[in-house]
S.K.: 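Pasting a structure here, questions to come.
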Number of protein chains: 2
Amino acid sequence: MTAEIPPRQGHTTLQDVARLAGVSAKTAARAINGESNVRAETRERVFTAAAALRFRPNRLARELRQGARTGAVGLVIGNLDNPFYSQLAAGVDHALREHDLELIIASTDDEPERERVVVQAMLERRVTALMLVPSATDHSYLEGERQLGLPIIFLDRPPVTVVADSVLWDNHSGVREAIHELTTRGHRRIAALADSPELFTATERLTAFREALTEAGAEPDEALIVARVHDVPSAASATADLLARDDPPTAIIALNNRISVGAVSTLLRDDPACAFVGFDDFDLGETLGISVIANDPREMGNHAGQIALRRLKDGTGAPERISLPTRLVQRGSGERPVS
Amino acid sequence: MTAEIPPRQGHTTLQDVARLAGVSAKTAARAINGESNVRAETRERVFTAAAALRFRPNRLARELRQGARTGAVGLVIGNLDNPFYSQLAAGVDHALREHDLELIIASTDDEPERERVVVQAMLERRVTALMLVPSATDHSYLEGERQLGLPIIFLDRPPVTVVADSVLWDNHSGVREAIHELTTRGHRRIAALADSPELFTATERLTAFREALTEAGAEPDEALIVARVHDVPSAASATADLLARDDPPTAIIALNNRISVGAVSTLLRDDPACAFVGFDDFDLGETLGISVIANDPREMGNHAGQIALRRLKDGTGAPERISLPTRLVQRGSGERPVS
DNA sequence: CTGAAAGCGCTTACAG
DNA sequence: CTGAAAGCGCTTACAG
């Protein structure tokens with residue numbers, strides 16, 4: 001006949017702490033949050049009560065009351081498996097560290113519909129800033145949020161139908177530099193491996209490739225330009241196909257990191273007399289003497305984080321557009337022109 | 001003298017939508033959330049109003065009201081720069097996809113104090129499950145959360161002072177297999193490169209190394225065991241030091257992925273007659289003919305995600321403890337025993 | 001230095 | 001099929 005003692009339903013609340021300490025909720029909050037105007041003795045009593053009850057403040061409640069701003073930043077990338085994206089995320093993470101901001105990461109696999117879904121979820125969670133490597137092309141659905149003051153930062157690919165900050169690569173300079181070097185050393189038949197033309201970077205790098213080649217007086221051979229190479233295996237086989245041609249290229253440029261790894265694996269295996277340059281550096285690239293167009297995804301992420309922090313402090317303004325350098329890093333023994 | 005029209009302070013609310021549609025908040029909620037018992041015509045009116053006002057529901061409010069559970073899962077790892085951790089995160093991400101769960105990621109750089117800080121923040125945000133690669137050794141501070149029903153899953157390293165699920169490697173089998181192979185082929189002087197002894201995996205793999213060597217009748221030479229190798233450069237130089245000895249080892253085993261990359265870079269550069277096996281596979285490992293003790297971080301992450309989902313559905317129970325295989329993958333030309 | 005009341009934007013538990 | 005009231009756990013805006 002004794003009443004059942006109901007199991008604790010959830011976490012203890014500020015009210016519970018206040019009650020045990022014999023003060024009001026407001027006073028308990030003052031002590032917990034380290035505000036002034038609390039008697040030392042009162043503070044002690046609240047601390048003791050909080051510790052006894054293992055009080056852990058509920059941020060959702062706090063943030064709901066305080067308004068739009070949350071302590072979470074949203075980062076939307078293609079896929080954590082890809083070192084480019086994970087290093088980007090590492091850079092963002094690094095920038096956010098000291099500022100008590102949490103990082104919500106979602107991946108899209110570069111699918112526009114999935115981008116909509118994950119961004120939507122982040123907006124409903126009221127992230128305090130949104131960074132994304134866009135896969136969709138229309139971002140007018142973000143316009144409302146922008147007007148509400150949400151810092152929005154595009155990475156790797158520029159905003160099109162929305163005004164936003166961006167951190168991009170200077171794709172042209174690195175590619176030009178590489179092609180210039182190759183043509184100077186006599187290469188005329190240079191092949192290029194690129195990702196899907198829907199991707200801004202793929203198209204921009206390919207354009208730079210064509211322009212640089214033309215400028216050097218070496219008309220690009222469209223048969224040597226392979227697009228829609230999206231992963232390591234397909235890059236490996238596309239490279240093998242190029243090498244198996246009757247008129248193989250004398251040099252190959254790979255226009256992103258996954259493509260580089262695939263191409264290099266074929267080149268190492270077959271060991272043809274073919275020069276090579278790859279976009280993005282990678283583990284063992286230096287050791288293997290592979291020339292690369294170096295860029296630093298961590299730096300890109302870090303910049304994005306810095307912009308977000310600045311926006312949160314100073315509010316909105318004209319959109320920032322940062323262009324990060326890419327430059328040719330030549331390696332190799334000399335027995336081959338560039339690789 | 002006209003009154004200033006105040007700028008919209010924040011997002012429109014369910015109340016705003018209800019007002020515009022001429023219904024109560026509850027009815028608006030029913031329509032928005034797709035509940036039954038709403039007249040089609042009413043539903044339409046609510047939808048129209050919501051679209052006009054660009055209503056975006058506030059998840060913080062919903063989750064606060066609904067109770068402890070949030071739609072966010074917390075993942076605590078060492079560092080996103082390390083492919084082991086980023087692939088682990090990719091696996092978790094993958095498992096969570098279809099379930100509308102968001103992923104909050106925080107990195108600790110393997111510092112116990114930082115782990116406390118980020119875990120604390122996640123708990124205050126009321127994550128619905130917590131996964132961590134622990135760097136602290138005492139996790140009794142999680143006991144309260146466990147009792148409140150929070151699914152807690154340890155990855156890579158086991159829980160010590162708290163009851164929790166775990167997904168670990170069978171470190172012994174892979175290392176034994178590798179050492180068995182090396183000793184069978186005649187190696188007696190085998191060096192090992194390991195991370196800090198504070199790390200469970202480092203110690204466990206080193207123990208397996210010593211045991212396997214002893215079993216094969218080849219007493220381990222402590223001078224050939226290098227501990228506290230924590231990154232690629234230090235692994236590279238530690239390898240160079242080993243090779244420069246008067247009595248260099250005839251084989252080297254690297255006990256994690258970063259150490260492997262560093263060791264391989266030195267081995268490729270110096271090209272000594274030294275066999276090699278590395279823990280964790282890596283890009284170009286197969287192409288370069290490097291033998292590895294293969295494991296799959298994505299799989300570990302995926303398993304953790306699955307356990308979390310199961311716990312969320314079926315509630316608590318006896319802790320699960322999954323041990324994932326590691327196995328020797330032999331590559332190489334045959335001119336060297338294992339590498 | 002302290003506290004009572006109201007409110008953030010939803011959902012719950014009812015009542016009709 | 002619809003709605004009014006109360007409440008999730010905090011903070012705000014006051015009042016003392």
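Just so it is clear: chains get the letters A, B, ... in the order the sequence lines come, proteins before strands, and each one is counted from 1.
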S.K.: Report the distance from atom CG of B:Asp16 to atom P of C:dC10, rounded to the nearest whole Å.
M.R.: 9 Å
S.K.: Let's test your reading of the model: under 3.5 Å, does the base of D:dG3 pair with the side chain of B:Arg30 as donor and acceptor?
M.R.: yes
S.K.: Once you round it to whole Å, what is the distance between P of C:dA6 and CD of A:Gln66?
M.R.: 21 Å
S.K.: Ignoring the backbone of B:Thr42, work out which of C:dT2, D:dT2, C:dC10 is nearest its side chain.
M.R.: D:dT2
S.K.: Kindly point out which of D:dT12, C:dC8, D:dT11 is positioned nearest to the side chain of A:Leu64?
M.R.: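 Of all the options, the side chain of A:Leu64 is nearest to C:dC8.
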S.K.: Looking at B:Arg39 and B:Glu44, is there a salt bridge between them, counting it only when a charged N and a carboxylate O are closer than 4.0 Å?
M.R.: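 No.
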S.K.: Can you check the A:Arg125 CZ to C:dC8 C1' distance for me, whole Å?
M.R.: 17 Å
S.K.: So does B:Asp81 pair up with A:Arg298, basic N to acidic O under 4.0 Å?
M.R.: yes
S.K.: Roughly, in whole Å, what's the span from CD in B:Glu35 to P in C:dT11?
M.R.: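 To the nearest whole Å, that distance equals 8 Å.
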S.K.: To the side chain of A:Arg62, which of C:dG9, D:dT11, C:dG3 is closest?
M.R.: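 Of all the options, the side chain of A:Arg62 is nearest to D:dT11.
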S.K.: Does C:dA4 pair with anything, Watson-Crick or G-U wobble, both distances under 3.5 Å, and if so, with which nucleotide?
M.R.: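 C:dA4 is unpaired by these criteria.
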S.K.: Whole angstroms only, please: what is the CD-C1' distance between B:Gln15 and D:dG3?
M.R.: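 Distance, rounded to whole Å: 11 Å.
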S.K.: Below 4.0 angstrom from OP1 or OP2 of D:dC8, is there any side-chain N or O of A:Asn58?
M.R.: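 Result: no.
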S.K.: Rounded to whole angstrom units, what separation is found between the CD atom of B:Glu41 and the P atom of D:dC1?
M.R.: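 Going from CD in B:Glu41 over to P in D:dC1 covers 13 Å.
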S.K.: C:dG7 C1' sits how many Å from A:Leu14 CG, rounded?
M.R.: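 Distance check: A:Leu14 CG to C:dG7 C1' gives 16 Å.
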S.K.: Using the side-chain heavy atoms of B:Asn37, tell me which of these nucleotides is nearest: D:dT11, C:dT11, D:dT2.
M.R.: D:dT2
S.K.: More than 12 heavy atoms of other residues, nucleotides or ligands under 6.0 Å from CG of B:Asp100: yes or no?
M.R.: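 No, the 6.0 Å shell around CG holds no more than 12 heavy atoms from other groups.
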S.K.: Tell me whether the side-chain N/O atoms of B:Ser24 come closer than 4.0 Å to OP1 or OP2 in D:dG3.
M.R.: yes
S.K.: Whether A:Arg116 and A:Glu113 form a salt bridge (side-chain N of Lys/Arg under 4.0 Å from carboxylate O of Asp/Glu) is what I want to check.
M.R.: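 Between A:Arg116 and A:Glu113 there is no salt bridge, as every charged N stays at least 4.0 Å from the carboxylate O atoms.
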S.K.: So, under a plain 3.5 Å distance rule, would you say the side chain of A:Arg65 forms a donor-acceptor pair with the base of C:dG9?
M.R.: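 No pair found.
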S.K.: If the threshold is 4.0 Å, N to carboxylate O, is there a salt bridge linking B:Arg62 and A:Glu124?
M.R.: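 No, no charged N to carboxylate O under 4.0 Å.
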S.K.: Of all the choices, C:dG3, C:dT2, D:dT2, which nucleotide is nearest to the side chain of A:Val38 once you look at every atom?
M.R.: C:dT2
S.K.: Rounded to whole Å, how long is the line connecting atom CG of B:Leu60 with atom C1' of D:dT11?
M.R.: 14 Å
S.K.: Between B:Thr27 and A:Ala61, which is nearer to the 5' end of DNA chain D once each is assigned its nearest nucleotide?
M.R.: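 The answer here is B:Thr27.
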S.K.: Would you indicate which nucleotide in C:dG9, C:dT12, D:dC10 comes nearest to any side-chain atom of A:Phe55?
M.R.: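 Of all the options, the side chain of A:Phe55 is nearest to D:dC10.
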S.K.: Check A:Asp165 with A:Arg321, please: is the shortest side-chain N to carboxylate O separation under 4.0 Å?
M.R.: no
S.K.: OP1 or OP2 of C:dT2 versus the side-chain N and O atoms of A:Arg39: is any pair under 4.0 Å?
M.R.: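 Looking at the OP1 and OP2 atoms of C:dT2, one of them is under 4.0 Å from a side-chain N or O of A:Arg39.
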S.K.: Under a 3.5 Å cut-off for both contacts, is C:dA13 paired Watson-Crick or G-U wobble with anything, and if yes, with which nucleotide?
M.R.: none
